[in-house]
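As C-alpha cells, the structure follows; a few thoughts come after it.
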Amino acid sequence: MDWGTLQDVLGGVNKHSTSIGKIWLTVLFIFRIMILVVAAERVWGDEQQDFVCNTLQPGCKNVCYDHFFPISHIRLWALQLIFVSTPALLVAMHVAYTRHEKKRRFRNGEKIDIEELKNEKIHIRGSLWWTYTSSIFFRIVFEAVFMYVFYYMYDGFQMPRLVKCNAWPCPNTVDCFVSRPTEKTTFTIFMLAVSGICMMLNLAELCYLVVKICMKESRKTILK
Amino acid sequence: MSWSFLTRLLEEIHNHSTFVGKIWLTVLIVFRIVLTAVGGESIYYDEQSKFVCNTEQPGCENVCYDAFAPLSHVRFWVFQIILVATPSVMYLGYAIHKIARMVEHSEADRRIRSKSFSMRWKQHRGLEEAEEDHEEDPMMYPEIELESERENKEQQAPAKAKHDGRRRIREDGLMKIYVLQLLVRTTFEICFLVGQYFLYGFEVSPIFVCSRKPCPHKIDCFISRPTEKTIFLLIMYGVSCMCLLLNVWEMLHLGFGTIRDTFNNKRKELEDSGTYNYPFTWNTPSAPPGYNIAVKPEQMQYTELSNAKMAYKQNKANIAQEQQYGSNEENIPADLENLQREIKVAQERLDLAIQAYNNQNNPGSSREKKSKAGSNKSSASSKSGDGKNSVWI
C-alpha cells in the first residue's frame, strides 16, 4: 500500500495547523500508519491460509472465513486512516486557494504584505477558521463511526480463538480456528487506544479554537 | 513507506542532540531498525507456516502457535523502537516550536530596542552632566545601527542554524525538557528489557509442549529455526543494553558538564570583580567644564598614577551625584547599581594602594609635569610656595 502520497500531502498541511494539530499528525504517522505498514500487515498476512477448519468438506473453510471476517481488520484500518486524513485535505485546498487569491491581487497592483506571502504562514481566522474547525469536527465523527463499526462487526475488540460455523455447505457445526488470535487482539487494542488518543487531541484542538475565537470576539466588543 | 519516515525524523533530531545523543541515534538506526527490518524479515517470515505439531487434529497447530508466541519477537521489537524513539520526537517538536518563537520575539525586540536605545542612553548621560554634551551622542547612533544590521543578518538563518551540543541546548533554555525526555527514554528501555526477559527469556527452545483444547492430551510442537532466533534474540538484548548504557552516559555527561560549567563561571566571576565593566566605556575619563575637583592638600606629582588617581576621584564624585539622583530614577537597572557599588569598593582599594605608593615615593622623587592630551584644562600647575592647589580639570 502506497502511503507515501498521503504522507506528502499531509506534510503540507502541517505548516498551517495549530500545535495540537501537529501533534495529531505526528501520532497519526508514527503510531498508526507506520505500525500498520510495518507490523500489522505481517500479522494479518496469513489470515486466510492459516484459518483451519475441522472438516474435509471442500468449500466449507472459504465460506466460514467469509462469514466471520467480511472485511479484514487491515482494510478497515486503512479506510479509517484515509477517511480521517481527508478533512485535512480540505484545509490544504483552502490555504492554496487563499494564497492563489493573494498572488492574483498582488499581481493586480494591490499592496500586500510581501513578508507574509513569502513566509507562507497563514493565520487561522475568518473563513479559514470555519474550514479548519469543520474539518476537525468531521475527523472526530469519522473516528467515532469507525470505532463503532469495529465493535459491531467483530462483537467487541477481542479476536476469538475458536469460531463455530454452520454455514452451507459445512455439515452441522464445524470448529474453525483463527490464526494468531492473541497477537491480533493486542494490535486491535493498541490501534483502538491510539484512535482514542487522536480523538482526544481533536476534541482539545476544537475546544482551543472555539475558546480562542470567543475571547477574540469578547475583546473586540469590549474595545467597541 | 515503512521505516523511512521515522529515520528521516531521527536524522532531524541529530541537530538537536548532544554528542552522546548522536551516538545513541546512530546505534538506534543502524543496529535496531536495520537489524529488525532486515533480520526480522528473513528469519521470521515462515514462523507460523513451519510451526509443526505432532498431531492430525485440525486447529491444534493454530492454538499451540498462539500459546507459544502471543506476541512475535519482531512485533515486540517494532513496538520497542517506536516507543523508545517517541520522547525524542516529542522533544524535537517542542524545540522547533520554542526556537521559532524565540526568533520571532527577538526580531520584535530588536525593532523596539533600536528605537528606544538612543533615548535611554541620553537620559542616563543627562544625570551626570550639567550640560548636555552633544559631541559624544552622535557616535553612538551609527554603532546602534551597525549592530542591528548584523543581528538582522544573523537572524535570517535561524532555521538552518544547528541547535546541538550541551551548551547550545542550555542557552536555548531547553535543558530541562531535554533531561526529561532522556529520563523517559531510559525508563522505556528498562521496561522493555524487563518485558523482553519475562516474555521470551534468553533462549528459543526447539520444542514446545502444548496441551490446549482441541489438542488431545499433550502435543510436541516444533519451532522453525530456533538457533538462529536465539542468536538474534541475544543480539537484540545486547543492543538494548548498549542503548541503555548510552543513555546513562549521556546523563552523566550532562551532569558533569553542568557542574564543570558552573565552576568555570564562578571562577570567571571572581576574576572579573576586580575589573570595571562599565556599560558605557569612556576611553578617556573626562568631565565637562563645571566640575570642581576636590582641593589637593599637597603638591601633586604628575605621574601616570596620579592622573589615574584624579580620574578615579572624579568617578567617585560622579557616582556620588548619580546616587543622589539614583533613587528617583527608574531607568537604572538593578545590576547597574550593583556594578556601581563594586566600582566604589574597587576604587577605595585602589585609593589605598595609591596612597601607599605615594608614601613610598614622595620623599625622594622630583616633580614631573605632564599635561594630558585632549583636555586643555587639566593644567598641572604647581605654584611654588602655595600649599594648596585647586586644580581645574
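Lettering of chains follows the sequences in order, A, B, ..., and the numbering in each one begins at 1. Note: hydrogens, waters and symmetry copies are ignored here, and every other heavy atom, side chains too, is used. What you see is a predicted model, and the numbers here were worked out from it, not measured in a lab.
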- Quick one: CZ on Phe5(B) to OG1 on Thr26(A), what's the gap to the nearest 0.5 Å? 6.5 Å
- Query: Which distance, rounded to the nearest 0.5 Å, do you find between the CD1 of Ile96(B) and the NZ of Lys22(A)?
  - Reply: 9.0 Å
- Query: Hey, is OH on Tyr65(A) packed in by over 12 heavy atoms from elsewhere, all under 6.0 Å?
  - Reply: yes
- Taking all heavy atoms of Glu183(A) and all of Ser72(B), pick out the closest pair and write down the distance. OE2-N, 3.1 Å
- Query: Picking from Thr55(A), Ile23(A), Asp175(A), Val178(A), which has the most non-hydrogen pairs under 4.5 angstrom with chain B?
  - Reply: Val178(A)
- Task: With a 4.5 angstrom heavy-atom cut-off, could you sort out which part of Thr185(A) is near chain B: side chain, backbone, both or neither?
- Result: neither
- Task: Drop me the distance from Arg212(B)'s CZ to Arg161(A)'s CZ, to the nearest 0.5 angstrom.
- Result: 3.5 Å
- What part of Cys176(A) lies closer than 4.5 angstrom to a heavy atom of chain B: side chain, backbone, both or neither? neither
- Query: Can you check whether Phe31(A) reaches Leu83(B) side chain to side chain, under 4.5 Å on heavy atoms?
  - Reply: yes
- Query: Is Met153(A) atom CE crowded by more than 12 heavy atoms from other residues, nucleotides or ligands, each under 6.0 Å away?
  - Reply: yes
- Query: Most heavy-atom pairs under 4.5 angstrom with chain A, which of Leu71(B), Leu9(B), Asp66(B)?
  - Reply: Asp66(B)
- Message: Between Tyr44(B) and Arg42(A), is there a side-chain heavy-atom distance shorter than 4.5 Å?
- Response: no
- Message: So for Val89(B), is it side chain, backbone, both, or neither that comes closer than 4.5 Å to the heavy atoms of chain A?
- Response: side chain
- Answer yes when Arg180(A) and Glu47(B) have at least one side-chain N-carboxylate O distance shorter than 4.0 Å, and no when they do not. yes
- Any side-chain heavy atom of Val52(A) sitting closer than 4.5 Å to one from Glu61(B)? no
- Distance col, row Leu162(A):CG vs Asn62(B):CG, nearest 0.5 angstrom, shows 10.5 Å
- How about Phe68(A): does its CZ atom have over 12 heavy atoms from other parts shown lying under 6.0 Å from it? yes
- Message: Surrounding CZ of Phe157(A) (heavy atoms of other residues, nucleotides or ligands, distance under 6.0 Å), is the total greater than 12?
- Response: yes
- Message: For Pro58(B) versus Phe177(A), what's the shortest heavy-atom pair and its separation?
- Response: O-CE1, 3.2 Å
- Query: Got a sec: does the OH of Tyr197(B) have more than 12 other heavy atoms crowding it under 6.0 Å?
  - Reply: no
- Message: Could you check whether any side-chain heavy atom of Phe190(A) comes within less than 4.5 Å of a side-chain heavy atom of Phe79(B), counting everything from C-beta outward?
- Response: yes
- Item | Residues, nucleotides or ligands: over 12 heavy atoms within 6.0 Å of Phe202(B) CZ | yes
